[in-house]
Amino acid sequence: MEQQIQRLPAEQLYQKELDTLIANEQYPVPTGWRMSPKSVLTYICGGTSGGMEIMPKYIGHRRLVEIAISTLVTDRALLLTGEPGTAKSWLSEHLAAAINGDSTRVIQGTAGTTEEQIRYSWNYAMLIANGPSREAMIPSPIYRAMEQGAIARVEEISRCASEVQDALISILSEKRITVPELGTEVPAQKGFSIIATANTHDRGVNEMSAALKRRFNIVVLPAPETLEAEMEIVRTRIAQLAGSLDLNAKLPKEDVIEKVCTIFRELRAGVTLDGKQKLKSTIGVLSTAEAISLLANSMALAGSFGSGTITDQDLAAGLQGAVVKEDSRDGKAWEEYLENIMKKRGSRWLSLYTECKELNR
Amino acid sequence: MTAPHVFGIRHLSPAGAWHLRGYLDQVQPELVLVEGPSDFNGLIGDLVRAQVKLPVAVMAYTKEMPIRTILYPLAEYSPEYQAILWAKQHGCACRFCDLPSEVFLGIRQAREGRRMAETPKELEDGDGAEPVYRALDDICGDGGQETFWERTMEHCADLDGYRAGAGCFGRSLRGLTLGRREEDAENLVREAYMRRVIRDAVAEGFAPEKIVVITGAFHVDGLADPALPPLSDQELAALPRLETLTTLMPYSYYRLSERSGYGAGNKAPAYYELLWDGLQEGLPDYAAERYLTGLASYQRAHGTNVSSAEVMEAMRLARSLAELRGYRIPALLDLRDAAVTCMGHGYLSELVLAVADTEIGTRIGSLPQGISRTSVQADFYQKLKELHLERYRSAAAQELALDLREKLTVKSKKSAFLDLERSFFLHRLRVLGISFAALEQVRQEHATWAERWTLRWTPEAEIQIVEAVLKGDTIEQAAGFVLKKKLEEAGSIAELAAVVEQACFCGMPAAVSMAVTALQQSAVDAASVAELADTAMHLSVTVRYGDIRKLDGEPFLPILSQLCLRTCLLLPGECVCDDAASAAVARAMKQMNDVVVQHEFLDGERWDRVLLQTAGRDDCNTKLSGLAAAILLERGRLEQAELEIEMQRRLSCGIPAELGAGWFEGLSMKNHYALIARMHLWEALSDYLDTLTDEEFKRALVFLRRAFADYTAAEKDRIAENLGEIWQVNPTQVSEALNGPVSFEGLDDFDFDDI
């Protein structure tokens, strides 16, 4: 029976594209890499290679991807930060997939992550039976990446306790892990680097120390640059989700996507799209990821309980929940937005305005 | 005839300046011709004086109003400047060879006239090559054509390579755009004129191979082609002209960076100066290293630690970024991105001041005294004459009283508004900080039509006027610039409101609307009702009396409704406060009510709803609840019966004295007569007082006395009548008690600190 894996790693999902890029390589490939920096860029931002269309994985902000790739070329560790939902892990996974063909050397950082998970731990049964040996040791993903000259990923680094973060400092500056129990040390092979991701503001994150930050080149991933880019992202992801989740609803109309993205962008930036009018932005984060889940939710609602088409009422309910989360000030900001901006947008927005106003009482 | 050497450049290009010098050394010309109006020739001597500090600009401006100007900014690294300097150092003749400025401005006037006539047909202003540059931007991706130019031309170490590249660029641009736009006619005339100058020089005895023409890359083909005829005498005479004056003026890197686009300026003058220094040092990485260390030392000097390791990492990253694009030397874009990544923790905002300092810099040029006579000065004197203010230009202080209203007795429109125009002019000088005119306080506070000024001329004023040229070409432009700066720097909504006011006084609608936009933006962030209401009040006054200054109030209206909405949203929350804070909120409520009453378009219903809410809630400061009730009463939104019920509820037995009396104090802050006329209210008050114990009564007394302090003697008499009737005593006695001096007997041992 065919296995139903919920989500395949990037290198398997896009294996064909990766193989094509490697086969058609034209530029020098750095040690430890599978393709040249230029090809990595093409893989992530889209383009063509050997007659094959490469799908863009990250839309907009090509320059930031260039900076990220250049950082990894110089052996420096890369830290991707930004607000929740700005595709940090997504980008990190695809970078590792393109450079090494393996995005699974990953440490998923939590408040419970220990230093052993960063360095190495032991198979205690073997340790007690035979004493310390290479066989009894369980190397961490970073340890393995060093041995192989590859890239390791640390997800949500700012959620780890400070002392665990500190363990990375000497690894990054000396590029070796010492194993006193075995009296050896593992020097990093060329090509070793780390891609870490961190949220800028969220609950339960630990501020990173200056010493650690200094060892990273930091790239801040912003929200999508233009309305069109954001709509493009939402459109493609919704289409993918609708397929894999079997939602029995029609895909949202262009008009609906545009409205949601417009509202999200304006509330996020605190200014109308034309830049003419400033408005109160919300405290809660309104990410693209949230816009996607809002629309997917509305589709599920419409598919399971409604006519199959997203109505303004479904949309208003989703928006109310997304915009006004816990802070009562967001309720006021939303009301100001409705009155100052949406009400004056004319007939196309009128019914959405009425529905939203009704709900925000 | 053999053709002269033509060297195509890009204006303000360090590599161009450097290679041009090398080229001149090779050719050893006897005559250097530089693109620039030929009537600037007289300024060449001044330009290369030792005391001149660059950047400076060569400027021509019309004698007649409105003043039009044409400006050629020059920096140390301008190829034109280096050519002139080379000529001086090598004892070689040097001239400008472009159309005289009077023709330039004449053509421009004619074109503007034609455009006015043929509106509304859309005709974009500006360089005809704009679409090509936009396309170039798109092809080059991040950084656009600026970065493209820097990578391909500024980093070019080879003279012939540079010349070939510039030539190719100019030729392609020419091929793509020539003949498409109206401006190209001007380009062709200019080239014909330059050919004429070359012909004349040859006729004068300069051998063509001993002449080097320095011109924008675009014109190279137009000059080098021997088949093209020079401009004939007849054609030259037929060109439109405007009489002009020419001068040198000090310039600044900041202003240079503000003018963007081909030829007119560059965005990072200080960085380009580093490129120039690097060429002289012979170090290709000089600018990159200096730029990054410059950022680091600025950060350190301003309290942010940046380690040398970070600078080195930034350098590595910048190189790696350039290599990704296939270049060896990092461009400014690479350097800035690398610095942000390695030194700014990913945020440009952390480095933005350092970036401004290192890229733009603060350099200001200077000229020896006496060689500058700028357009702002000319504008100033012209305006003095126009507004009949010349006699005030004396060392003795003289007073000038202005009546801004339209004078109906005079015939011409100009003299009807003479005083208003004068006021605009003097206010603009005031904004510019030119000490010629000082505004006196007018005794009558609300006489919006009268102004008194004291005018006095000093040598400092003259200097201040010359300095104003750095801000704009005319007094109005410069004032607009200053107002814009003020808007950018303003920290609070009150400061912005002040700028709006100033812009109104200056009679500058464009500045007003810009200020209004800024005000709208920060009104969003303003947190306190007091600030919002105060601003709304000011705006409302400006809208209502603006027509005296011929101001259109329309743009204020959306903001006014926004301020109103925001006050409505915030008010209920802010009403939960202590007595100390309540005074400001009370003031805001009254102000906002006045504004709502004055402007019908505002959402009065919402305002009523908010007031009702405030009046009815028990957790608000009772004084404010009382005031809300009073305002509702005044607006006719509160029925007699409702008020009585509310009064009974507020003043019922068991309510602490300060709360009950405080509510009454709030209620008494407005419409005294309406209260006095309602007998039931006083009965309710009297009944309430009867329920208080002695100690409570003393506390209530403090609030009640405060409440009655605002009533006039006559009003108090009528209250006395009311109370007299209720208490069945002689009204005169009560009146004496109310109007008489306060007796503190019995309050000696009262603890005021509690209240």
(message) If you apply the rule side-chain contact (heavy atoms from CB on, under 4.5 Å), what do you find for B:L569 with A:E336, and how did you get there?
(response) CA-CA 8 Å; B:L569 287 172; A:E336 267 191 86; 3.2 Å; yes

(message) Between A:E339 and B:R606, does the side-chain contact (heavy atoms from CB on, under 4.5 Å) criterion hold? Intermediate values first, please.
(response) CA-CA 12 Å; A:E339 292 299 321; B:R606 186 187 282 272; 3.4 Å; yes

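At distances below 3.5 Å, at least one donor-acceptor pair connects side-chain atoms of B:R316 with backbone N or O atoms of A:T74.
Between A:N340 and B:R566 the shortest side-chain heavy-atom distance does not fall below 4.5 Å.
A:I218 and B:H345 make their closest contact through CG2-O, 3.3 Å (heavy atoms, listed as atom of the first residue, atom of the second, distance). Minimum heavy-atom separation, B:G346 to A:V220: O-CG2, 3.2 Å. The nearest pair of heavy atoms linking B:D337 to A:I67 is CB-CD1, 3.6 Å. When all heavy atoms of A:K38 and B:L324 are compared, the pair lying nearest together is CE-O, 3.0 Å.
Classification of B:E313 and A:R214 as a salt-bridged pair fails, no side-chain N sitting under 4.0 Å from a carboxylate O.
Taking SG of B:C568 as the start and NZ of A:K332 as the end, the distance is 12.0 Å to the nearest 0.5 Å. Distance CD/B:E323 to OG/A:S70: 8.5 Å, rounded to 0.5 Å.
Residue A:K344 places its NZ atom among more than 12 non-hydrogen atoms of other residues, nucleotides or ligands, all under 6.0 Å distant. The 12-atom threshold is exceeded at CZ of A:R176, counting heavy atoms of other residues, nucleotides or ligands nearer than 6.0 Å. For CD of B:E488, the number of neighbouring non-hydrogen atoms (other residues, nucleotides, ligands) closer than 6.0 Å is greater than 12. The environment of B:E489 atom CD is dense: over 12 non-hydrogen atoms of other residues, nucleotides or ligands sit within 6.0 angstrom. Other residues, nucleotides and ligands contribute more than 12 heavy atoms inside 6.0 Å of the NZ atom of A:K175. Within 6.0 Å of NE2 on B:H155 lie more than 12 heavy atoms contributed by other residues, nucleotides or ligands.
With respect to chain A, the highest number of heavy-atom pairs below 4.5 Å among B:N305, B:I559, B:D334 belongs to B:D334.
For B:T341, the parts sitting under 4.5 Å from any heavy atom of chain A are the backbone and the side chain alike.
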